[in-house]
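All remarks here apply to the structure that follows.
Just so you know, residue 1 is the first one in the sequence shown, and it goes up from there. We count ligands from 1, going down the list as the structure has it; atoms in each ligand are counted the same way. What you see is a predicted model; the values in this text were computed from it and never measured. All heavy atoms count here, side chains included; hydrogens, waters and symmetry mates do not.
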Amino acid sequence: MDHSEFRVKAKEMVDYIADYLENIRERRVYPGVQPGYLHKLLPREAPQLPEQWDDIFRDVETHIMPGLVHWQSPHMHAYFPALTSYPSIMGDMLSSALNVLCFTWASSPAGTELETIAMNWLGKLLGLPECFLNEKDDSPGGGVIQTTASEATLVSLLAARTRALMELSKLNPDVQTAELLGHLICYCSDQAHSSVEKAGLIGLVRMRYIESDAHQSMRGDKLEEAIVADKAKGLVPFWVCATLGTTGSVAFDNLREVGTVCEKYGAWLHVDAAYAGSSFICPEYRQWLDGVELADSFAFNPSKWLMVNFDCTAMWVKDSTALHRTFNVNPIYLRHENSGKAIDYMDAGEEGKFKKKPLRKINTKAIKTHVKRDINGAEDIAPLNKKPNHQYGLEKNANTTSNGDSRYGDTDANDYLNSDSDNDIDGDNLNLHGYTKISKGCGQEIQLEDPNKKELLHWQIPLSRRFRALKLWFVLRNYGVVGLQKHIRESVRLAQKFEALVLADQRFEIPQPRNLGMVVFRLKGDNALTERLLKRLNARGYMHAVPACFKGVYVIRFTVTSQRTTNQDILDDWNEIKTVSKEILMDVFG
Ligand code: PLP
């Protein structure tokens with residue numbers, strides 16, 4: 001494709017995109033294809049000779065579109081929103097065309113500086129405390145755009161792990177890091193997203209799940225109880241993940257209580273507000289942020305509800321030196337003259353921009369006794385509680401039953417993201433042995449950064465990074481605060497409307513209170529009725545939703561996702577639900 005063909009075809013593409021989004025209501029939201037359908041339509045080998053653009057593009061409408069879930073549809077109620085918008089699309093178009101990689105300031109000065117500016121704007125919009133912003137030369141805090149909330153969680157856990165290991169190493173200089181690692185423990189609620197469990201698996205640390213209260217909220221007393229018990233066994237609590245807006249029911253952990261406990265025991269507090277974070281641009285929802293000043297890191301996805309298309313996870317840290325210590329490498333080809341004067345998201349500057357804060361002291365009295373003997377026989381370390389079954393249908397297929405084992409249709413196609421892990425992390429020695437094996441297999445002991453060495457700045461796992469700040473900046477400017485707030489409030493209003501419709505019908509119930517834009521509902525009676533309802537709704541393809549399960553109660557999650565959803569769409573979806581419910585109740589009860 002040359003310049004002149006690109007000019008013509010790209011303009012046609014823009015028209016195609018605008019037509020698609022304008023008329024999306026007409027498409028079936030959930031596809032009716034069977035696994036393997038595309039394999040039957042496309043050749044097994046790549047073409048030897050160049051193909052004409054028109055021939056290629058023709059296949060999009062005939063072959064690709066029928067196999068997509070239309071996430072921008074007003075009838076999309078599954079998962080959480082994954083919205084896009086015209087300014088965001090244009091940001092990504094330009095970013096794709098420029099394809100600049102914004103890792104160091106020198107790799108693209110405007111790229112990294114715009115990221116810092118947009119993240120400061122966004123942080124202020126949410127009402128985050130100043131310590132998370134990066135406005136002064138010596139601010140230790142700041143924001144960074146990560147790819148996903150999962151990655152932000154992992155980055156936070158790894159930074160906290162490094163901080164804890166450094167502290168423990170100082171106090172136990174003759175003990176190997178791998179041994180110390182085996183004594184670290186972190187916490188999240190039993191409602192936390194599966195990505196928190198995954199971060200623990202990757203970080204090779206024990207994870208304890210705190211039982212949530214009747215409102216699915218993690219409370220300080222339960223967390224403290226667990227921490228005290230673990231410390232008595234010689235474990236070292238080092239990281240806690242609080243969720244604001246759980247995946248199953250948009251429940252909120254009690255941030256102030258949890259934060260106070262973290263502060264008392266020197267644990268890093270990470271806040272995962274993947275979905276709900278967008279709502280904090282509206283002051284009326286900020287009660288859930290109470291205590292955020294106690295957090296060490298905070299992340300949410302503008303790529304969910306804020307109409308900045310995937311990927312874009314906003315992450316702030318209070319003290320970025322903990323990240324830099326974790327991801328510190330310093331090859332010569334990444335050094336540049338202006339190091340230290342602006343943020344390098346993967347910097348190799350000679351002198352850090354930020355002052356290092358002293359590490360929090362971890363009480364190592366107990367661990368000292370434990371690690372100084374053979375910890376492979378750590379018989380007095382109690383087994384952790386069972387990991388939760390993440391039954392919110394997000395990374396499982398949508399008609400997961402309350403047994404957690406069935407799928408959307410009979411699919412044998414690949415699930416590229418499946419939260420069903422067969423790994424048993426419950427065995428206490430497993431993490432430690434796993435780590436030791438990896439460590440020895442590589443012939444290396446983990447290298448901890450020398451705290452006296454000059455700070456080098458690192459904010460993330462990959463080196464290369466897209467110019468994501470562009471689309472965020474476009475969206476913030478083109479909607480303005482007022483436009484974004486209007487969008488959030490409208491989603492909540494529509495969810496309230498749906499909630500009222502459900503509550504007015506005696507056949508249904510809402511077992512968990514609605515928060516923000518999501519309603520969880522079910523047919524009264526056996527789980528099987530609601531399971532059948534959801535399966536049939538999805539098979540009909542008019543609207544799309546996924547399930548959740550709370551303590552054995554199966555529900556349908558109905559999230560208002562699209563900015564195109566209207567009052568009439570909500571009424572139409574409710575009519576669809578009533579029609580299908582009537583059929584099912586007739587089938588079962590006659
Ligand atoms: N945390 C919560 C609370 C979520 O609901 C989700 C996904 O919906 C995630 C984390 C994972 O988000 P991501 O796909 O950005 O990793």
Hey, which atoms in ligand 1 end up nearer than 4.0 Å to a heavy atom of [X]?
{"X": "Gly245", "result": "3 (C)"}
{"X": "Phe80", "result": "5 (O), 8 (O)"}
{"X": "Thr247", "result": "2 (C), 3 (C), 4 (C), 5 (O)"}
{"X": "Ser195", "result": "10 (C)"}

### Message
If we count only N and O atoms by modelled type, under 3.5 Å, do the side chains of Ser88 and Asn309 hold a donor and an acceptor together?
### Response
yes

How does [X] reach ligand 1, if at all, at less than 4.0 Å between non-hydrogen atoms: by side chain, backbone, both, or neither?
{"X": "Val196", "value": "neither"}
{"X": "Ala149", "value": "both"}
{"X": "Asp272", "value": "side chain"}

### Query
Among Ala82, Ser150, Pro81, which residue places a heavy atom closest to atom 14 (O) of ligand 1?
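It is Ser150 that holds the nearest heavy atom.
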
#### Entry: Partner set under ring-ring contact (aromatic ring centres under 6.0 Å, His included) for Phe132, not counting sequence neighbours
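Residues passing ring-ring contact (aromatic ring centres under 6.0 Å, His included) with Phe132: none at all.
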
### Message
Would Asn301 count as being in polar contact with ligand 1, using the rule that some N or O on each side must be under 3.5 angstrom apart?
### Response
yes

### Task
Over 60° means perpendicular and under 30° means parallel, so classify the ring planes of Tyr275 and Trp305, tilted if in between.
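The rings of Trp305 and Tyr275 lie parallel, inter-plane angle below 30°.
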
### Message
If you compare all heavy atoms of Cys241 against all heavy atoms of Asp272, which two are closest, and at what distance to 0.1 Å?
### Response
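For Cys241 versus Asp272, the nearest heavy atoms are SG-CB, 3.9 Å.
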
### Task
Measure centre to centre between the rings of Trp574 and Phe498, then say whether the value is under 6.0 Å.
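Under 6.0 Å, so yes.
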
### Message
Taking the ring centre of each residue, are Tyr542 and His75 less than 6.0 Å apart?
### Response
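Tyr542 vs His75: aromatic centres under 6.0 Å.
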
### Message
Check for me whether Lys304 has a heavy atom closer than 4.0 Å to any atom of ligand 1.
### Response
yes

### Task
Apply salt bridge (Lys or Arg N to Asp or Glu O under 4.0 Å) to Arg477 and list each qualifying residue two or more places apart in sequence or on a separate chain.
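In terms of salt bridge (Lys or Arg N to Asp or Glu O under 4.0 Å), with neighbours along the sequence ignored, Arg477 is linked to no residue.
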
